[in-house]
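Residue numbering restarts at 1 for every chain, and letters A, B, ... go by the order of the sequence lines.
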2 protein chains.
Amino acid sequence: MALRHYTLDFSLSTPVDSASTVHGLLSIFHEQEMTETVHDTEGHGYIATFVGKNGRLVILRVHSHGLITIDLQCYEDDNIVQLDNLLNALEKKLKTLLHGNIKRIKRLPALIRGAKVDRYWPTADGRLVEYDIDRVVYEEDSAYQNIKILHSGQFGNILVLNGDVNLAESDLSYTQAIMGSGKENYAGKDVLILGGGDGGILAETVKQKPKMVYIDQKVIDGCKMHMRKTCGNVLDNLKGDCYQILVEDCVPVLKKYVQEGRTFDYVINDLTAVPISTEPEEDSTWEFLRLILDLSIKVLRSTGKYFTQGNSVNLTEALSLYEEQLGKLSCPVDFSKEVVCVPSYLELYPFRQIWSCHYV
Amino acid sequence: MALRHYTLDFSLSTPVDSASTVHGLLSIFHEQEMTETVHDTEGHGYIATFVGKNGRLVILRVHSHGLITIDLQCYEDDNIVQLDNLLNALEKKLKTLLHGNIKRIKRLPALIRGAKVDRYWPTADGRLVEYDIDRVVYEEDSAYQNIKILHSGQFGNILVLNGDVNLAESDLSYTQAIMGSGKENYAGKDVLILGGGDGGILAETVKQKPKMVYIDQKVIDGCKMHMRKTCGNVLDNLKGDCYQILVEDCVPVLKKYVQEGRTFDYVINDLTAVPISTEPEEDSTWEFLRLILDLSIKVLRSTGKYFTQGNSVNLTEALSLYEEQLGKLSCPVDFSKEVVCVPSYLELYPFRQIWSCHYV
């Protein structure tokens with residue numbers, strides 16, 4: 001059973017005397033038959049806890065610098081209307097007591113803790129966001145990662161790998177961006193997709209001539225069942241008229257292609273943002289990213305293009321580090337960048353297009 | 001000074017004995033010189049509070065149904081690394097103590113309470129979301145509403161009216177959607193914009209022949225200074241070659257147009273989602289919406305179109321109620337709907353196109 005955690009905060013223009021403020025609220029807690037404990041804070045404001053029936057808990061703090069915070073925890077099966085009324089009563093009373101001294105009242109949507117279905121999946125830049133997720137559609141642990149497919153009212157099914165939101169059925173804009181935003185013609189071209197186990201890129205290029213390399217069979221298994229708006233039927237068979245899905249680690253595959261002199265018009269890197277490697281031969285994430293980049297550029301034809309996603313636009317340091325890596329490849333490259341809104345990401349993402357300057 | 005509120009939750013497969021679990025954690029709290037109070041919960045699990053130096057507060061709950069929740073509150077100027085280490089130590093210890101019994105460990109980004117700049121602006125469907133807002137650019141109270149312009153790292157400046165995110169500089173997709181997603185030709189057409197004080201729609205139609213009606217001068221004042229990526233220079237003057245901004249309540253203006261028999265090719269309703277009325281003659285929000293709709297349809301030419309935004313796609317009841325209103329207008333209408341991702345909304349929004357069936 002989940003715990004509902006409400007917060008109600010008053011930011012004040014000037015600090016208040018805790019005694020009179022608290023005294024004004026006590027009757028409300030007593031009406032609820034809550035047992036009060038006042039804590040010694042050694043001069044850091046006033047803290048009282050109130051324990052009530054059914055596991056209800058309130059923490060009231062009058063901070064010494066002009067802030068009052070109230071936490072209310074209760075179980076999901078408690079009388080929510082009654083608790084809303086308790087918060088309303090506290091808010092109303094504090095409005096009266098603090099009249100003219102209030103800068104901001106903030107009452108956030110309740111945090112739901114320990115629920116069967118977890119709705120909180122922080123953004124790449126570390127912000128707290130609640131999704132409209134109502135059920136877990138699929139969950140498996142592969143040898144490499146935890147794979148979840150969660151249902152959202154607005155985004156459809158969402159693929160979450162190791163806790164990272166990867167792609168939702170609403171996110172055609174992701175697939176379009178990582179394919180060059182409609183400016184490329186894939187007809188008759190050799191295309192190599194790294195990652196992309198959700199089948200989105202494959203589904204969009206399938207009328208043409210793609211070849212796909214992928215590392216994790218379990219992702220394909222989940223997506224072909226639950227992300228059909230994204231992948232259509234392209235994942236039903238590992239081989240189609242114009243595509244082949246290799247369920248392998250992409251590094252040895254890329255190395256083999258380099259050795260064989262096999263080349264492509266497009267390499268689309270849709271690997272997870274945090275790299276997954278079966279036999280890591282690199283010291284760090286950045287070295288792994290550079291290894292993939294280097295091998296990819298080597299299998300690109302002289303007029304070829306390499307597409308990949310960045311990370312949240314707010315991770316400016318990581319974005320600069322990535323561009324630094326581009327200067328360290330075994331052949332010179334140039335690149336362009338486009339910022340795109342992917343619905344389920346709740347943050348803007350940059351997509352990069354990279355090409356070799358070798359032959360220029 | 002803001003309060004940082006951390007949460008660390010363990011969801012368990014089977015309930016645990018609180019005595020042994022708590023005992024294993026006590027040394028960590030004692031190392032931090034925290035004073036413990038154990039509360040009587042009348043059989044509803046274990047609750048202990050720990051008060052430490054600098055106003056630090058921990059609430060430890062071992063719930064009787066297989067959930068452990070930890071809250072840690074501290075001030076923003078506290079030693080954050082030390083507190084991260086405290087949480088790490090608690091997490092590590094609990095992992096050992098609960099080995100094999102853990103379904104999920106959830107440690108959310110800290111909630112920042114009472115900060116100078118508020119980053120939490122819930123979505124229309126009531127979800128808790130944290131924006132990357134770093135400063136307040138503009139704040140005024142007009143006679144009708146509270147107007148804020150907040151700066152976000154990724155979305156640019158965001159217009160927030162009465163706590164509702166209205167439009168950010170990143171949100172050209174909003175303006176494009178409410179103008180018919182590029183399928184309309186406004187050249188030489190008579191256009192009436194209701195609301196739209198951010199100037200986005202006006203800026204996009206300015207080469208053509210728009211006329212704008214708006215109620216709240218103060219919104220225009222803030223936007224022409226701080227939303228220039230959205231409005232360009234169209235708000236600098238109330239009158240341009242092909243547009244006129246009426247700083248008036250749109251209801252009497254619409255009534256006058258109906259009386260005069262003045263008609264338009266397009267009416268674009270960009271009023272706030274929650275209506276603001278200077279002299280409300282209607283009983284409810286829905287009646288106000290219907291009044292605007294009715295008057296708008298009356299000033300539309302037979303081939304004219306009415307565009308408007310909906311609300312979050314998750315507010316399904318409100319969306320059906322809106323469509324119900326469409327059946328109650330003084331003349332029959334038909335409509336189409338398109339769902340659009342507006343970057344700063346963090347939720348999908350429907351946009352509606354409505355036309356009169358009068359002449360069909």
Side-chain angles (χ1 to χ4, degrees), chain A residues 1-3 5 7 9-11 35 37 39-42 44-45 47 49 51 53-55 57 59 61 63-67 69 71 73 75 104 106 108-111 113-114 118-120 122-123 125-132 153-155 170 173 312-314 339 341-343 346-348, chain B residues 1-3 5 7 9-11 35 37 39-42 44-45 47 49 51 53-55 57 59 61 63-67 69 71 73 75 104 106 108-111 113-114 118-120 122 125-132 153-155 170 173 312-314 316 339 341-343 346-348:
Chain A
M1 191 170 31
L3 187 75
H5 186 141
T7 57
D9 300 333
F10 280 71
S11 300
T35 309
T37 310
H39 301 267
D40 178 10
T41 65
E42 293 174 8
H44 286 90
I47 302 180
T49 46
V51 178
K53 57 188 172 192
N54 305 323
L57 172 67
I59 298 116
R61 298 186 69 167
H63 303 273
S64 43
H65 56 272
L67 174 67
T69 58
D71 292 82
Q73 298 183 348
Y75 294 117
R104 182 171 70 232
K106 199 78 188 184
L108 293 178
L111 207 60
R113 302 169 64 176
D118 183 11
R119 292 162 63 95
Y120 304 93
T123 58
D125 69 341
R127 285 175 294 112
L128 176 61
V129 289
E130 177 185 357
Y131 279 84
D132 60 336
Q154 59 184 324
F155 302 129
S170 59
S173 65
S312 163
V313 292
N314 279 337
V339 172
C341 177
V342 180
L346 311 185
E347 63 193 321
L348 297 178
Chain B
M1 190 167 34
L3 188 74
H5 187 141
T7 58
D9 300 334
F10 280 71
S11 299
T35 309
T37 310
H39 302 266
D40 179 11
T41 66
E42 292 173 10
H44 285 89
I47 302 180
T49 45
V51 178
K53 56 188 174 191
N54 305 323
L57 173 68
I59 299 116
R61 299 188 69 166
H63 304 272
S64 45
H65 56 273
L67 174 66
T69 57
D71 292 82
Q73 297 184 348
Y75 293 118
R104 181 171 70 231
K106 198 77 186 184
L108 293 177
L111 208 59
R113 301 169 65 177
D118 183 12
R119 292 161 65 94
Y120 304 92
D125 69 340
R127 286 175 294 113
L128 176 60
V129 288
E130 178 186 355
Y131 280 83
D132 60 336
Q154 59 184 322
F155 302 130
S170 59
S173 63
S312 163
V313 293
N314 279 337
T316 47
V339 172
C341 177
V342 180
L346 310 185
E347 63 192 321
L348 296 178

- Message: Determine whether B/His5 and A/His5 satisfy the following criterion, ring-ring contact (aromatic ring centres under 6.0 Å, His included), listing intermediate values before the conclusion.
- Response: CA-CA 12 Å; B/His5 187 141; A/His5 186 141; 5.3 Å; yes
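For a residue to count as touching a neighbouring chain, one of its non-hydrogen atoms must lie under 4.5 Å from one of that chain's; by this rule A/Thr37 touches chain B with the side chain only. When heavy atoms are compared at a cutoff of 4.5 Å, B/Leu128 approaches chain A by way of both its backbone and its side chain. Contacts between B/Leu348 and chain A at a heavy-atom distance below 4.5 Å involve backbone atoms as well as side-chain atoms. Only the backbone of A/Tyr131 comes within contact range of chain B, with at least one heavy atom under 4.5 Å from a heavy atom of that chain. When heavy atoms are compared at a cutoff of 4.5 Å, B/Asp9 approaches chain A solely by way of its side chain, counted from C-beta outward. For B/His63, the parts lying under 4.5 angstrom from a heavy atom of chain A are both the backbone and the side chain. Both the backbone and the side chain of A/Asp118 come within contact range of chain B, with heavy atoms under 4.5 Å apart.
Considering only heavy-atom pairs separated by less than 4.5 Å from chain A, the leading option among B/Glu42, B/Arg104, B/Lys53 is B/Arg104. Per-residue counts of heavy-atom pairs under 4.5 Å with chain B were compared for A/Gln73, A/Glu347, A/Arg61; the largest is that of A/Arg61. With chain B as partner, the option from A/Thr35, A/Leu57, A/Ile47 having the largest number of non-hydrogen pairs under 4.5 angstrom is A/Leu57. Heavy-atom pairs under 4.5 Å with chain A were tallied for B/Thr41, B/Thr49, B/Val342; the largest tally goes to B/Thr49. The candidate with the highest count of non-hydrogen atom pairs below 4.5 Å against chain B, out of A/Thr123, A/Leu108, A/Asp125, A/Val313, is A/Leu108. For the set B/Asn54, B/Leu67, B/Ile59, the count of heavy-atom pairs under 4.5 angstrom toward chain A peaks at B/Asn54. Looking only at heavy-atom pairs under 4.5 Å with chain A, the residue among B/Ser11, B/Gly114, B/Ser312, B/Ser173 that has the most is B/Gly114.
In this view, B/Ser64 satisfies the side-chain contact (heavy atoms from CB on, under 4.5 Å) rule with no residue, not counting sequence neighbours. With sequence neighbours excluded, the residues that form a salt bridge (Lys or Arg N to Asp or Glu O under 4.0 Å) with A/Asp71 are B/Arg113.
B/Tyr120 and A/Lys106 make their closest contact through O-NZ, 2.6 Å (heavy atoms, listed as atom of the first residue, atom of the second, distance). Shortest non-hydrogen contact noted between B/His39 and A/Val51 is CB-CG2, 3.8 Å. Residue B/Pro109 comes nearest to A/Pro122 through the heavy atom pair CD-CG, 3.7 Å, listed as atom of the first residue, atom of the second, then distance.
A donor-acceptor pair under 3.5 Å is formed between the side chain of B/Arg127 and the backbone N or O of A/Glu130. Side-chain atoms of B/Asp132 never come within 3.5 Å of backbone atoms of A/Asn314 as a donor-acceptor pair (strictly under, hydrogens ignored).
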